[in-house]
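Computation of the quantities below employed the complete heavy-atom set of this structure, encompassing side-chain atoms and omitting hydrogens, waters and symmetry-equivalent molecules. Residue numbers start from 1 in every chain, and the chains themselves are labelled A, B, ... in the order their sequence lines are given, proteins ahead of strands.
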2 protein chains.
Amino acid sequence: MKNITIKDIAKIANVSYATVSRALSGVPGVSDETRSRILKICEEIGYTPDYMARSMVTKSTKLIGLIVPDISNPFMSEMAFNIEQFAGESGYHIMLCNSVSSLEQEQNVFKLLMGRKVDGILIFPTGAQSHKLLEKYLDKIPVVFVSENLGSFHASYVTVDNFQGTSIGTEYLYSLGHRNILYFGRRASHKLRYEGYEAICKKYGLEPHFYESPYHTDSIKHGYDMAMDLFKANSSLPYTAIFASTDSNALGLLKACEEVGIRIPEDISMLGFDNIPYSGLPKIMLSTIEQPYKLMATAAVSMLIDKIDNPEFGYSHKILSPKLVVRSSCQKLD
Amino acid sequence: MKNITIKDIAKIANVSYATVSRALSGVPGVSDETRSRILKICEEIGYTPDYMARSMVTKSTKLIGLIVPDISNPFMSEMAFNIEQFAGESGYHIMLCNSVSSLEQEQNVFKLLMGRKVDGILIFPTGAQSHKLLEKYLDKIPVVFVSENLGSFHASYVTVDNFQGTSIGTEYLYSLGHRNILYFGRRASHKLRYEGYEAICKKYGLEPHFYESPYHTDSIKHGYDMAMDLFKANSSLPYTAIFASTDSNALGLLKACEEVGIRIPEDISMLGFDNIPYSGLPKIMLSTIEQPYKLMATAAVSMLIDKIDNPEFGYSHKILSPKLVVRSSCQKLD
DNA sequence: GGAGAATCCGTAAACGTTTTCGAGTATAGT
DNA sequence: ACTATACTCGAAAACGTTTACGGATTCTCC
């Protein structure tokens with residue numbers, strides 16, 4: 001079963017196959033009359049040009065590699081949805097890869113994606129070392145990180161203002177009367193989130209505390225395990241509030257609290273970060289810092305496409321503003 | 001900046017580029033000595049073969065198209081994660097497309113994916129008509145549906161046993177003493193789910209009821225909107241239990257109930273379907289029917305790869321068993 | 001030592017496009 | 001009517017691989 005090619009169409013239309021190519025790709029140099037005739041034939045036959053072959057000569061695949069730690073994380077999947085939609089509007093398709101929160105796997109899929117000759121890569125780095133490890137490829141292919149600037153690296157990125165996010169959050173907790181606040185989650189992957197928290201603590205003369213685990217994932221289960229470890233280590237917690245580094249962590253923490261009988265917010269207040277859809281569920285009602293998903297997604301892909309179109313452009317950064325959304329997981333102390 | 005090609009490697013290794021190709025693709029016909037020499041050079045130079053060019057001649061892209069209504073839906077993203085992982089192990093990459101629950105968009109991306117010359121397509125159909133609309137392509141490219149058999153169509157599919165799922169669920173509700181159960185959600189996309197419910201109703205002489213909306217999505221928001229419509233139309237509900245067609249719908253319904261002051265499970269019991277991670281959240285504790293995600297994912301991709309390797313194989317079906325997971329959203333009546 | 005087999009490798013065609021270059025034809029201007 | 005110009009189109013090269021075919025070298029065995 002042979003493939004239908006441009007040559008077959010040419011034969012039917014009684015023109016050279018160069019003409020067919022021109023007609024299809026919309027370049028000038030073919031009369032309107034023959035163009036529409038060719039288009040009609042393609043329609044009838046059901047012919048669509050072969051992207052592969054086209055890419056070989058144009059050097060452009062119209063493919064974007066998307067590397068995420070774990071697509072099942074709602075933050076990632078929400079972003080992925082918007083990214084795919086927006087990229088699609090610009091004629092790009094998405095190749096999805098999970099790094100499974102492993103630096104090694106991240107490197108692997110990155111190289112694989114380069115071998116696939118994607119036009120550019122959008123990456124949610126899995127850890128602080130991602131940038132260092134990937135640095136050597138950054139002049140070979142357009143890359144934009146969806147992440148805060150971890151270390152001083154030269155790369156394009158879009159991110160929410162994590163420092164501002166936790167600053168706002170910590171201020172909020174302080175304004176509610178909290179003086180003993182625990183930061184709960186990995187500091188490595190969100191350095192600035194921790195620092196925003198730390199800065200406000202310092203500002204008010206509070207002692208910053210943190211609890212983190214050696215694990216490298218972000219999920220309900222991870223938050224739960226972490227929390228259980230925390231509870232095991234300390235029979236009673238000296239904190240009045242916990243600021244979780246992500247909503248997923250917070251949700252896991254919530255589950256653990258429920259299990260050991262800690263009431264939210266009566267016994268302890270809780271603040272999250274991300275505002276995933278499930279944080280707004282009734283009875284959960286997690287107060288949190290919202291990331292502007294859609295904005296971030298569109299910024300990321302348009303930044304990447306810019307870089308693809310103008311590789312000489314150097315690096316750009318885009319830092320979006322977070323927003324406090326208060327629900328009912330934080331209590332006013334008096 | 002020219003690309004490094006197989007010819008450059010050949011020049012350095014002082015062999016013909018055919019030899020390099022053989023060395024890399026692991027086919028016999030090249031001595032171990034030269035092979036390892038070539039491999040070493042590639043390693044040093046950092047050369048990786050161009051998949052595009054390779055695909056042109058081999059007629060195989062090692063690409064799988066994945067069409068989902070909406071990747072931000074946790075059922076989809078959980079499946080997508082497992083699918084990507086499993087496909088990766090077999091050397092396949094994933095091209096992700098959202099049909100945005102639109103039949104038209106679904107057709108578009110399907111055709112686009114065919115133009116991309118993916119080796120096969122994995123599709124979560126957006127509606128009951130998907131199969132009919134896509135039927136004409138089914139002999140052109142290996143496709144497996146992740147969905148129950150909607151209408152008698154000739155295609156491969158893997159699905160959970162939806163009929164059994166809602167049967168178990170309805171039996172459970174009945175055993176708890178419920179005699180007025182509402183089925184809440186689209187019947188079109190999960191025909192068998194409704195029928196399983198209906199069958200058990202008939203079995204016990206219960207009147208089946210359903211409430212569905214014209215919308216074609218599945219999300220918290222959709223469930224919420226639907227529920228609000230329902231409440232607006234009926235000032236008081238004559239049901240003691242609601243069986244939601246998906247957990248997402250159930251969660252939206254939950255939210256709406258909270259808002260209008262209906263308590264779960266005291267005022268009304270609620271059962272979901274899917275068992276997404278958020279159903280197990282404290283305070284939510286939605287009882288539901290669990291789909292075996294991982295099994296379904298692996299079954300789907302191995303079925304698709306089978307079909308890619310043996311196009312003459314015809315169609316296969318795989319129907320996995322669901323499982324009732326009881327939490328605390330259903331109350332025993334007395 | 002010589003014939004045949006086995007092994008290793010090079011040549012070249014093929015995959016389906018885009019695009020440069022040039023040829024041919026129609027149109028316009030003087 | 002003749003040249004200049006614009007327009008339309010065809011021939012062919014190029015993209016980076018794989019692979020069928022055949023040539024050369026080595027090995028094996030009598």
Asks: Indicate, with a heavy-atom threshold strictly under 4.0 Å, whether A:Ser21 touches base, sugar-phosphate, or nothing.
Replies: base
Asks: Indicate every side-chain donor-acceptor pair of residues 28-41 of chain B with a distance under 3.5 Å to a residue at least two apart or in another chain.
Replies:
| unit_1 | atom_1 | unit_2 | atom_2 | d |
| --- | --- | --- | --- | --- |
| B:Ser31 | OG | B:Thr34 | N | 3.3 |
| B:Ser31 | OG | B:Thr34 | OG1 | 2.7 |
| B:Thr34 | OG1 | B:Ser31 | O | 3.0 |
| B:Arg35 | NE | B:Ala23 | O | 3.3 |
| B:Arg35 | NH2 | B:Arg22 | O | 3.2 |
| B:Arg35 | NH2 | B:Val27 | O | 2.6 |
| B:Ser36 | OG | B:Asp32 | O | 3.2 |
| B:Ser36 | OG | B:Glu33 | O | 3.0 |
| B:Arg37 | NH1 | B:Ala13 | O | 2.7 |

Asks: Mark up nucleotides 7-16 of chain C, 5' to 3', with B wherever a protein heavy atom is under 4.0 angstrom from a base atom, S wherever such an atom reaches only the sugar-phosphate, and - elsewhere.
Replies: -SBBBBB-BB
Asks: Per the ring pair (Phe, Tyr, Trp, His ring centres under 6.0 Å) rule, what does the pair list look like for residues 5-34 of chain A, sequence neighbours excluded?
Replies: none
Asks: Which heavy atom of B:Ser101 sits nearest to which heavy atom of B:Thr126, and what is that distance?
Replies: CA-OG1, 2.8 Å
Asks: Run the ring-ring contact (aromatic ring centres under 6.0 Å, His included) test against A:Phe110 and tell me which residues pass, sequence neighbours left out.
Replies: A:Tyr137
Asks: Within this structure, what is the NZ-OG distance for the pair A:Lys318 and A:Ser302, rounded to the nearest 0.5 Å?
Replies: 7.0 Å
Asks: Enumerate the residue pairs fulfilling ring pair (Phe, Tyr, Trp, His ring centres under 6.0 Å) with a member in residues 75-99 of chain A, sequence neighbours excluded, ordered by first and then second residue.
Replies: A:Phe75-A:Tyr293
Asks: Round to the nearest Å and state the distance from B:Lys117 atom NZ to C:dT17 atom C1'.
Replies: 11 Å
Asks: Note the angle between the end axes of the helix from C:dG1-D:dC30 to C:dT30-D:dA1, five pairs defining each, rounded to 10 degrees.
Replies: 30°
Asks: Just wondering, do A:Tyr157 and A:Ser147 contact through their side chains at under 4.5 Å, heavy atoms?
Replies: no
Asks: What pair of heavy atoms forms the shortest contact from A:Ser156 to A:Lys307, and how long is it?
Replies: OG-CD, 3.5 Å
